[in-house]
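To keep things clear, I will list the structure first and then write my remarks on it.
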Protein chains: 2
Amino acid sequence: MPKLVASDIATALKKRISSGEWIENGRIPPERDLASEFGVARNTMRRAVSFLEDDGTVVRHVGRGTFLTAPNPASMTAVVGRMEGTSPADMMEIRQLLEPAAASFAATNASAMELNAVREAHRIACESQDMPTFEHWDAEFHHRIFACSRNEFLKEIHNLMRILRNQAPWFEMKKRSFSEERRSIYCSEHQMVLDALLRRDPESASQAMLAHLKTVERNLLGR
Amino acid sequence: MPKLVASDIATALKKRISSGEWIENGRIPPERDLASEFGVARNTMRRAVSFLEDDGTVVRHVGRGTFLTAPNPASMTAVVGRMEGTSPADMMEIRQLLEPAAASFAATNASAMELNAVREAHRIACESQDMPTFEHWDAEFHHRIFACSRNEFLKEIHNLMRILRNQAPWFEMKKRSFSEERRSIYCSEHQMVLDALLRRDPESASQAMLAHLKTVERNLLGR
DNA sequence: TTTATCTGATCCAATATTGAGCCATTGATA
DNA sequence: TATCAATGGCTCAATATTGGATCAGATAAA
């Protein structure tokens, strides 16, 4: 049995960390416990942990403990918490990345039935007479395109965006930006997206969606 | 056995909540009961419950009790739950949309200090000798690029992706795909991204990042 | 030998837990 | 209506845990 040195212990610790051992709440056991578990003195364990600290695997807090710097599952809720402060401008920027891609995916992957659902949402939105109804079916149109993108992660990101868009700052903005003229513009732009999807043309679908989102951004943010 | 601290208890509580334990009335037992059940002081249990309150899992009412905030199941927490099942393939697809954009934003928006931080992460990753250290600074390289993209929403989406990448299916995959040769390829690809950032060249930064992600995808998913 | 490292021990400072008590609100009961 | 038990909100002093730091000796390798 080779003598245990601090650097060996450090790599052993890394192994246990990357095996997901302490990922639960991101806290690793106290130095004193680790030392006795590995059968070394606390000083040695301290040096070992220092290696992890040096390469940023871990941060230490007096009186609290030693914590993994890698984010842990429990912090997902914190992330979505912070997301609630997302500015409309930032989100529109990302929508312009994701939605054209979603449209492109949909053009290649969607089933006929799914495309029918998209068309249906578009139809109702066009025929709607009041702002809340239009708002709802407009959102549904976009949602159904994501729904047939065949990428679960993309769909969930869009769900996040939908939720965020239902919050206070957006509501005001949408109310301000609504007008009959704009609604008809949105409808014809949606039509172009829908046509491209029905033609199974990813490239055009992507472009049409991007063009539409540029319009929305202009209206929403007033640029 | 790790000493029970408040945050541990919080995660234990979350586990019991998500296992449907107290779903019936949407009410969880009184602090005093929980404290004695977990064998901690009420103050500690109060702190634990406060964690749940902070991330919105629970609401407290003086004199009435503590209740689950279940009436909003279609919201964020549900999204988070579904996201945990994201497949690596789906996520890689989205990374290839977002990260080139992040690199492009970074090329135009990053401060000199931020770019220095990116370079630093790159340097340490290149010099690292073992897989966990490389892994960590590789992730940090990407993270720091997002950090200077100046888009809060984009940053938070990346945080979500980081968390998901720390879960089980990814671990196995990364372990399988790691090799000295691949590491050096990653390093030279990172170098090209970094160079483009330092040249303040959004277009090249985006392309270099996309090329890198294609490599990663090939290695990870074996295509 | 010299050098580096580990050991075992002790003290310190920051933080957390404990145990106890008191208050305000609530809802049920007399 | 008045009372009362249950519950969360809050404070406080004592104790325990934990990382930070240092030192003298033991051990092993060069």
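Just so it is clear, the structure is predicted and the values come from calculations on it, not from any experiment. In what follows, every chain begins at residue 1, and chains take the letters A, B, ... in the order their sequences are listed.
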Fill in the blank from the handout: Residue set satisfying side-chain hydrogen bond (donor to acceptor under 3.5 Å, both in side chains) with Arg182(B), at least two apart, ordered chain then number -> Asn219(B)
Handout entry: With Ser184(B) via side chain to side chain contact (heavy atoms under 4.5 Å, CB included) - residues at least two apart
Key = none
Exercise for the section: Please state how far atom CZ in Arg47(B) lies from atom C1' in dT17(D), giving the value in whole angstrom units. Expected result: 13 Å
Exercise for the section: List in chain and number order the residues that pass side chain to side chain contact (heavy atoms under 4.5 Å, CB included) with Ala208(B), two or more places apart in sequence or in another chain; answer none if no residue qualifies. Expected result: Met192(B), Val193(B)
Handout entry: Heavy-atom donor-acceptor pair, Arg27(A) side chain to Arg64(A) backbone, under 3.5 Å
Key = yes
Problem - Protein-nucleotide distance (Arg46(A), atom CZ; dC23(D), atom C1'), rounded to Å - result: 15 Å
Problem - Under 3.5 Å: donor-acceptor pair, side chain of Ser50(B), backbone of Arg46(B) - result: yes
Handout entry: Whole-Å distance separating the CE atom of Met45(B) from the P atom of dA16(C)
Key = 17 Å
Fill in the blank from the handout: Computed from five pairs at either end and rounded to 10 degrees, the angle between the axes of the helix from dT1(C)-dA30(D) to dA30(C)-dT1(D) is 30°
Practice task
Using only side-chain N and O atoms of Thr66(A), determine if any of them is under 4.0 Å from OP1 or OP2 of dT18(D).
Solution key: no
Practice task
Go through the structure and list residues passing ring pair (Phe, Tyr, Trp, His ring centres under 6.0 Å) with His136(B), not counting sequence neighbours.
Solution key: none
Fill in the blank from the handout: Residues at least two apart in sequence or cross-chain that pass side-chain hydrogen bond (donor to acceptor under 3.5 Å, both in side chains) with Asn116(B), listed by chain then number, are Arg119(B)
Exercise for the section: Using the test salt bridge (charged side-chain N to carboxylate O under 4.0 Å, His left out), find all partners of Glu37(B) that sit at least two apart in sequence or belong to another chain. Expected result: Arg16(B)
Problem - Residues in salt bridge (charged side-chain N to carboxylate O under 4.0 Å, His left out) contact with Glu120(A), at least two apart in sequence or another chain - result: Arg123(A)
Handout entry: Residues forming a side-chain hydrogen bond (donor to acceptor under 3.5 Å, both in side chains) with Thr133(B), sequence neighbours excluded
Key = Lys14(A), Asp55(A), Asp130(B)
Practice task
May I ask you to verify if any side-chain N or O of Thr44(A) is less than 4.0 angstrom from the OP1 or OP2 atom of dT5(C)?
Solution key: no
Fill in the blank from the handout: Taken to the nearest whole Å, CG/Leu34(A) to C1'/dT18(D) is 12 Å
Fill in the blank from the handout: Phe38(B) CZ to dA16(C) P, in whole Å, measures 20 Å
Handout entry: Atom-to-atom span, CD1 of Ile9(A) to P of dC6(C) - whole angstrom
Key = 7 Å
Exercise for the section: Nearest whole angstrom, please: distance from the C1' of dT17(D) to the CG of Asp8(B). Expected result: 13 Å
Between the protein and nucleotides 8-10 of chain C, list every N/O to N/O distance that falls short of 3.5 Å.
| from | atom 1 | to | atom 2 | distance (Å) |
| --- | --- | --- | --- | --- |
| dG8(C) | O6 | Asn43(A) | ND2 | 2.2 |
| dA9(C) | N6 | Asn43(A) | ND2 | 3.3 |

Practice task
Applying side-chain hydrogen bond (donor to acceptor under 3.5 Å, both in side chains), name anything that partners Asp33(B), two or more places apart in sequence or on another chain.
Solution key: none
Problem - Sorted by number, the residues of residues 54-64 of chain A with heavy-atom contact under 4.0 Å to DNA chain C - result: Val62(A), Gly63(A), Arg64(A)
